[in-house]
Amino acid sequence: MESPSAPTHRGLGPRQGLLLAASLLTLWSLPTTAQLTIESVPPNAVEGKDVLLCVHNLPGNLGSYTWYTGGKVDYSHQIVSYVIDTQTTTRGPESSGRETIYPNGSLLFQKVSLKDTGYYTLLATDKDYESMQVTGQLRVYPSNATVTEHKDAVVLTCLTNDRGISIRWLFKNQSLLITDRMKLSQDNSTLTIDPLRRKDAGGYQCEVFNPVSSSKSDLFRLDMDESLEEPSIRASNATVTEHKDAVVLTCLTNNKGISIRWLFNNQNLLLMDRMMLSQDKSTLTIDPVRREDAGGYQCEVFNPVSSSISEPLRLDVQSEQNYKGYSVGTIIGSVIGVLVVVALGASLG
Ligand SMILES: *[C@@H]1O[C@H](CO)[C@@H](O)[C@H](O)[C@H]1NC(C)=O
Ligand SMILES: *[C@@H]1O[C@H](CO)[C@@H](O)[C@H](O)[C@H]1NC(C)=O
Ligand SMILES: *[C@@H]1O[C@H](CO)[C@@H](O)[C@H](O)[C@H]1NC(C)=O
Ligand SMILES: *[C@@H]1O[C@H](CO)[C@@H](O)[C@H](O)[C@H]1NC(C)=O
Ligand SMILES: *[C@@H]1O[C@H](CO)[C@@H](O)[C@H](O)[C@H]1NC(C)=O
């Protein structure tokens with residue numbers, strides 16, 4: 001089974017799946033041997049819901065119960081304990097305050113979060129201080145995800161323990177129209193959407209059915225990230241000479257459907273007649289450059305709901321004079337060189 005987690009951006013890691021739980025048709029069958037077992041009710045918990053870890057086949061004559069996180073009985077992992085005779089509940093270091101222990105040993109989690117996924121161990125002790133333990137698993141799946149258009153893909157999985165059923169997918173309460181960006185597994189249990197478009201945002205459900213019955217999963221909400229990717233600037237030359245050179249600055253962006261504006265030293269760029277913007281404003285040409293054009297340039301991409309601004313690109317403008325001769329640094333260096341030669345000659349003579 002895939003681990004539930006938010007989708008990663010492509011290229012940064014493996015594409016991860018999102019899970020959708022549909023477990024309402026499930027009929028839990030008790031094991032035939034009277035073994036101590038833990039059952040998660042429901043078996044596939046969605047974040048924000050309540051889950052009960054039910055204990056089955058407890059023997060009589062019990063004195064107390066204690067629940068622990070993980071697979072070991074260890075005080076540092078204690079959540080809560082209950083003494084039957086005195087009906088006293090004691091919370092341990094791992095208690096979040098959302099757990100309730102019942103007189104029958106079952107543990108209720110209120111408003112489970114993804115972090116509650118894991119193993120839980122019950123220690124039951126009888127009145128002769130004989131104890132037995134059992135470990136069960138709690139899985140919590142996300143109820144929603146925020147994805148980026150064009151960049152992310154999602155895999156929605158319909159989880160069910162039922163056999164002999166068919167699965168169909170619902171989007172915004174309607175039967176999902178399968179487009180060429182979508183793929184269903186052979187049994188319809190997984191739905192892949194790749195690439196994602198803005199119109200894919202909304203509520204998804206899966207419905208499991210057989211000829212006599214049907215049941216829908218909880219809603220899984222897919223949200224689109226409205227934020228824009230940060231643009232960057234490329235310059236034809238970041239060190240130019242006044243009056244002589246021209247420079248072309250290009251705003252690089254992968255965002256679609258955006259407008260661009262330019263900033264100079266954190267202010268809106270004032271367009272001089274030496275400056276020219278391309279029609280989509282993605283390139284700025286300054287021809288010729290002047291001393292006063294030196295400074296930080298940024299481009300900002302924006303749409304009606306969001307905007308993002310590039311890191312500043314620093315443009316250095318050299319004066320014409322420096323360009324004509326050696327640079328200052330070079331001249332000082334050669335003077336020192338001459339002096340050193342002179343000093344050496346003096347000591348030999
Ligand atoms: C234990 O008690 C809780 C609360 O009354 C109940 O919901 C649950 O079904 C019980 N568990 C078992 C195994 O009987
Ligand atoms: C959406 O999911 C995130 C994490 O998966 C969670 O923190 C948040 O509360 C959820 N929002 C709603 C409205 O369920
Ligand atoms: C899968 O879903 C399609 C409609 O989306 C349906 O025609 C088909 O019978 C389903 N297959 C199974 C195995 O459920
Ligand atoms: C979907 O249907 C449910 C009831 O069946 C209703 O409460 C909900 O508002 C509907 N959602 C949309 C988006 O139509
Ligand atoms: C950038 O400008 C400097 C100064 O005018 C010039 O020497 C250099 O050749 C230019 N570099 C490029 C790649 O155009």
Side-chain angles (χ1 to χ4, degrees), residues 20-43 45 49-67 79-84 87-89 98-112 120-124 126 132-138 154-194 200 202-217 220:
L20 197 64
S23 53
L24 305 168
L25 278 182
T26 304
L27 271 177
W28 187 264
S29 55
L30 291 176
T32 46
T33 56
Q35 214 183 345
L36 193 56
T37 54
I38 294 175
E39 175 200 2
S40 163
V41 182
K49 296 279 161 103
D50 296 349
V51 184
L52 188 68
L53 291 183
C54 250
V55 191
H56 295 291
N57 306 317
L58 276 168
N61 192 37
L62 283 178
S64 67
Y65 310 109
T66 309
W67 281 93
I79 303 168
V80 65
S81 73
Y82 182 80
V83 177
I84 295 166
Q87 299 183 8
T88 44
T89 297
R98 290 177 293 119
E99 306 91 0
T100 307
I101 192 165
Y102 289 119
N104 63 16
S106 297
L107 186 69
L108 175 74
F109 284 84
Q110 277 168 305
K111 294 202 171 85
V112 283
Y120 292 87
T121 298
L122 171 73
L123 181 76
D126 69 17
M132 64 206 80
Q133 70 183 69
V134 59
T135 299
Q137 196 177 8
L138 175 61
V154 294
V155 180
L156 300 173
T157 302
C158 189
L159 297 173
T160 173
N161 293 328
D162 300 301
R163 298 281 165 265
I165 44 99
S166 303
I167 296 173
R168 73 174 146 245
W169 290 85
L170 303 171
F171 176 56
K172 294 181 174 169
N173 278 356
Q174 310 269 312
S175 199
L176 174 71
L177 203 67
I178 304 295
T179 71
D180 52 5
R181 294 178 294 104
M182 299 177 185
K183 222 168 53 199
L184 284 170
S185 62
Q186 192 139 31
D187 63 356
N188 287 353
S189 68
T190 70
L191 166 69
T192 305
I193 312 179
D194 183 11
D200 300 324
Y204 289 82
Q205 282 169 294
C206 67
E207 185 173 20
V208 293
F209 61 99
N210 62 20
V212 295
S213 164
S214 84
S215 161
K216 284 183 199 168
S217 71
F220 183 92

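Numbering of ligands and ligand atoms starts at 1, following listing order. Along the sequence shown, residues carry numbers from 1.
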[atom1] of [X] to [atom2] of [Y]: how many Å apart, nearest 0.5 Å?
X: C206; Y: F171; atom1: SG; atom2: CZ; answer: 15.0 Å
X: T135; Y: L36; atom1: OG1; atom2: CG; answer: 10.0 Å
X: R98; Y: K111; atom1: CZ; atom2: NZ; answer: 9.5 Å
X: C54; Y: L108; atom1: SG; atom2: CG; answer: 10.0 Å
X: I38; Y: N57; atom1: CD1; atom2: CG; answer: 12.0 Å

Candidates L156, T192, D194, L176 - the one meeting side-chain contact (heavy atoms from CB on, under 4.5 Å) with M182: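 Going through L156, T192, D194, L176 one by one, the side-chain contact (heavy atoms from CB on, under 4.5 Å) with M182 is satisfied by L176 alone.
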For atom 2 (O) of ligand 3, is some protein heavy-atom partner under 4.0 Å away?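 There is a protein heavy atom less than 4.0 Å from atom 2 (O) of ligand 3.
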Protein contact to [atom] [nearest heavy atom, distance to 0.1 Å]:
atom: atom 13 (C) of ligand 3; result: Q186 O, 3.9 Å
atom: atom 5 (O) of ligand 3; result: L184 CD1, 4.2 Å
atom: atom 10 (C) of ligand 1; result: N104 ND2, 2.4 Å
atom: atom 9 (O) of ligand 1; result: C54 SG, 4.0 Å

Residue-level breakdown please: for V55 versus ligand 1, do any non-hydrogen atoms fall below 4.0 Å on the side chain, on the backbone, on both, or on neither?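 V55 to ligand 1: backbone contact only, side chain stays beyond 4.0 Å.
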Could you check which of N188, L191, L176 puts a non-hydrogen atom nearest to atom 6 (C) of ligand 3?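 Minimum heavy-atom distance to atom 6 (C) of ligand 3 goes to N188.
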For Y82 and Y65, take the angle between the two ring planes, folded into 0 to 90°, and tell me which bin it lands in: parallel under 30, tilted 30 to 60, perpendicular over 60. parallel
Is the closest heavy atom of I167 to ligand 3 under 4.0 Å? yes
Sub-3.5 Å N/O-N/O distance, D187 and ligand 3: no
If the cut-off is 4.0 Å to any non-hydrogen atom of L52, which atoms of ligand 1 fall inside it?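 Those qualifying, in numeric order: 7 (O), 8 (C).
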Regarding S214 and E207, do their side chains bring together a donor and an acceptor under 3.5 Å, going by distance alone? yes
Enumerate the atoms of ligand 3 whose separation from the nearest heavy atom of S166 is less than 4.0 angstrom. 14 (O)
